[in-house]
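For reference, the structure is listed below as structure tokens.
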Number of protein chains: 2
Amino acid sequence: MPQSFSKPAPASVAIALNAVLAAVENESPKVLCVKSEDGRLGLPYGPFNPALHRTFEIGLRDWVEQQAHVSLGYIEQLYTFGDKGREAPAAALKGGAADDRVVSVGYLALAPEAARVNAEEAGWRDWYEFFPWEDWRNGPPAILEDEILPALGKWTSARDESARRARVGLAFGLEDAGWEEERALDRYELMYEAGLVVEAARDRGARGSPLTAKTGESMISDHRRILATAIGRLRGKLKYRPIIFELMPPLFTLLALQRTVEAIVGFRLHKQNFRRSVAQSGLVVRTKGSAVQETGGRPAALFRVNREALKDRAAKGLAIPRMKRASDSGGPAAAKQG
Amino acid sequence: MPQSFSKPAPASVAIALNAVLAAVENESPKVLCVKSEDGRLGLPYGPFNPALHRTFEIGLRDWVEQQAHVSLGYIEQLYTFGDKGREAPAAALKGGAADDRVVSVGYLALAPEAARVNAEEAGWRDWYEFFPWEDWRNGPPAILEDEILPALGKWTSARDESARRARVGLAFGLEDAGWEEERALDRYELMYEAGLVVEAARDRGARGSPLTAKTGESMISDHRRILATAIGRLRGKLKYRPIIFELMPPLFTLLALQRTVEAIVGFRLHKQNFRRSVAQSGLVVRTKGSAVQETGGRPAALFRVNREALKDRAAKGLAIPRMKRASDSGGPAAAKQG
DNA sequence: CCTATATATGCTCAAAATGAGCATTAAGGA
DNA sequence: TCCTTAATGCTCATTTTGAGCATATATAGG
């Protein structure tokens with residue numbers, strides 16, 4: 001028989017609603033951050049108050065609007081985190097007893113452009129500032145080889161050797177599956193466990209090691225974890241739902257679309273094959289207009305989303321034809337890199 | 001600036017942990033249900049008590065163990081539901097004020113076999129008893145054409161014609177994308193909105209219409225919604241992660257594997273192509289043993305999971321080569337049906 | 001106007017993955 | 001031995017990918 005809820009819980013639970021609002025600007029993926037009094041970064045968030053809000057989504061929209069004066073379009077629930085000890089700094093904000101728990105419900109929101117915000121209270125940050133190892137657009141991130149993998153190697157041999165080795169290999173693509181971009185959360189969690197990020201030290205009441213200074217910017221509470229969840233979810237979902245268009249303006253070139261996908265997934269695509277798959281998908285319609293490149297070159301045709309196709313076809317999302325070697329399809333930076 | 005949590009929330013929030021424990025037996029997908037005092041069905045669940053449980057998962061395992069004497073293996077979080085008005089019957093269980101909200105965190109758990117349980121308190125039910133329209137293994141479910149689609153048609157023309165038509169078409173595969181098995185939740189939610197399931201009437205304090213009697217068994221609270229979420233998630237995930245093996249015993253024939261997949265996705269697969277994809281995936285290893293069919297026929301080889309591949313390759317899951325027309329690959333029933 | 005440079009776009013070709021279905025093999029039963 | 005029932009093996013035509021060459025159309029500088 002299900003236990004009833006009539007016994008009042010000995011300790012109370014507060015629910016925090018957290019938003020990862022993402023947009024791509026200048027070929028870089030941005031996330032909206034708010035600053036706390038002491039200048040630390042976090043996601044827009046606030047408590048869920050059932051008396052005020054009929055649903056989580058309504059509450060979330062309210063908070064984001066209040067804190068960043070931005071109204072949300074597409075949103076999707078990510079995950080609910082309830083483990084003890086990962087919400088340390090939030091504890092200070094609560095009025096309740098020490099054993100009160102804050103449960104974080106994370107949401108992903110997408111916007112076609114980075115809305116203007118008051119820089120005092122909020123700002124858009126490139127999400128790779130928080131996860132430098134996730135950006136492979138210009139080749140394997142140096143910090144991986146140089147710092148992270150060696151540190152994880154040490155952690156691996158410290159205990160549970162084989163189990164840890166398997167986890168690291170899977171998350172960081174050392175096995176034959178290679179780097180799987182959507183495992184962003186696995187990677188962050190592993191680094192947290194191994195004590196390679198500031199939050200890990202903080203939650204244990206310790207100071208970060210020299211390495212943690214290099215492993216990206218930290219966030220308050222468990223917000224970086226939520227951001228990692230968002231990145232992984234978005235990367236995975238691109239492959240089977242056409243949500244990339246939530247990040248595009250009404251008119252765009254195919255290269256802009258490609259750069260947006262690249263910004264999200266963190267690696268370069270094969271240009272011609274990408275266009276082929278986009279064309280075949282029917283998700284996009286050519287318009288009469290065209291756009292000229294600042295750097296010269298043939299003007300690109302402007303496209304718009306095919307709303308019909310989006311609705312009708314429950315379409316499959318775009319193919320993500322990964323680049324192997326470098327070639328003309330490489331990005332601007334990649335080309336110069338060689 | 002993020003609003004602080006220091007103001008006590010005007011109304012309290014309770015968190016319910018709910019488990020969808022699934023197993024496949026006799027080629028039918030089963031879910032573990034518990035009976036409330038009045039005999040109504042529900043999922044194993046209980047309140048999350050932060051003082052007792054460090055994580056949701058620990059709490060969940062405790063509840064399931066207490067209520068059904070089953071210990072969980074593989075588990076995964078599904079979704080957190082917090083909307084008002086969907087947890088009606090649970091309100092009676094709570095001791096708090098009328099405006100207290102119960103937030104449901106749903107989990108999916110998989111087991112290789114349906115554990116023996118005390119029939120007094122719990123039991124395994126075929127999940128298609130709750131969702132008869134989701135089982136296409138023997139062709140399109142009669143209830144769809146006969147009852148559901150006509151009723152949805154009425155609902156569609158009642159208001160917001162075009163928007164509703166689009167939603168119905170998408171969810172029920174009337175557009176060119178066809179039936180997408182993983183949209184189980186969309187379908188249930190649509191039926192709830194249209195008042196075609198008992199829960200919808202119940203939450204509005206009404207009696208169900210004659211139709212709701214035919215649209216599957218109902219569950220307490222929002223449990224049928226959680227089950228729909230689980231079905232959709234599992235169906236989707238099969239395609240990109242090899243979790244199907246969480247439902248298999250240590251040794252199995254390829255046909256058994258196929259029948260298990262079919263039980264989950266709700267339609268028949270092309271036998272030869274299914275085996276080809278399984279063989280190529282390397283997820284499975286042939287053993288020396290073999291199993292004879294009760295009905296006669298060549299004995300099938302017995303396989304076991306290739307644990308190495310599961311770990312190493314972060315493998316892609318199995319291909320789901322859908323059957324179009326009937327042929328020798330059809331199921332036992334399908335064959336007889338013609 | 002002509003040339004070098006920078007992109008956008010078209011197209012080709014081979015390899016791999018899919019979708020269908022025929023043919024053969026190995027048991028049990030009449 | 002012949003028939004029925006499955007398990008397995010294989011073939012063939014399409015599609016879908018992965019790579020990369022070839023053209024077309026701008027801009028910038030002589």
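Heavy atoms only: backbone and side chains are in, while hydrogens, waters and symmetry mates are out. First the proteins, then the strands, lettered A, B, ... as listed; each starts at 1.
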In this structure, how many angstroms lie between the [atom2] atom of [N] and the [atom1] atom of [X], rounded?
X: B:Leu257; N: D:dT8; atom1: CG; atom2: P; answer: 12 Å
X: B:Phe274; N: C:dA20; atom1: CZ; atom2: P; answer: 16 Å
X: B:Gln258; N: D:dA7; atom1: CD; atom2: C1'; answer: 11 Å
X: A:Leu269; N: C:dA8; atom1: CG; atom2: P; answer: 14 Å
X: A:Arg275; N: D:dT23; atom1: CZ; atom2: C1'; answer: 13 Å

[X]/[Y] ion pair, N-O < 4.0 Å:
X: A:Lys239; Y: A:Glu181; result: yes
X: A:Glu27; Y: A:Arg268; result: no
X: B:Arg165; Y: B:Glu175; result: no
X: A:Arg241; Y: B:Glu180; result: yes
X: B:Lys237; Y: B:Glu76; result: yes

cation_pi(B:Arg187, B:Trp179) dist<6.0 Å, angle<=45: yes
Quiz item: cation-pi between B:Arg322 and B:Phe267, 6.0 Å / 45°: yes
Test salt bridge (Lys or Arg N to Asp or Glu O under 4.0 Å) applied to A:Arg183 and A:Glu189, step by step: CA-CA 10 Å; A:Arg183 292 194 177 268; A:Glu189 288 291 287; over 6 Å; no
If you restrict it to nitrogen or oxygen atoms, what contacts under 3.5 Å exist between nucleotides 10-18 of chain D and the protein, and what is each distance?
unit_1, atom_1, unit_2, atom_2, d
D:dG18, N7, A:Arg276, NH2, 2.7
D:dG18, O6, A:Arg276, NH1, 3.0

Could you list the protein-to-nucleotides 2-6 of chain D atom pairs, N/O on both sides, closer than 3.5 Å?
unit_1, atom_1, unit_2, atom_2, d
D:dT5, O2, B:Gly297, N, 3.4
D:dA6, OP1, B:Thr295, OG1, 2.7

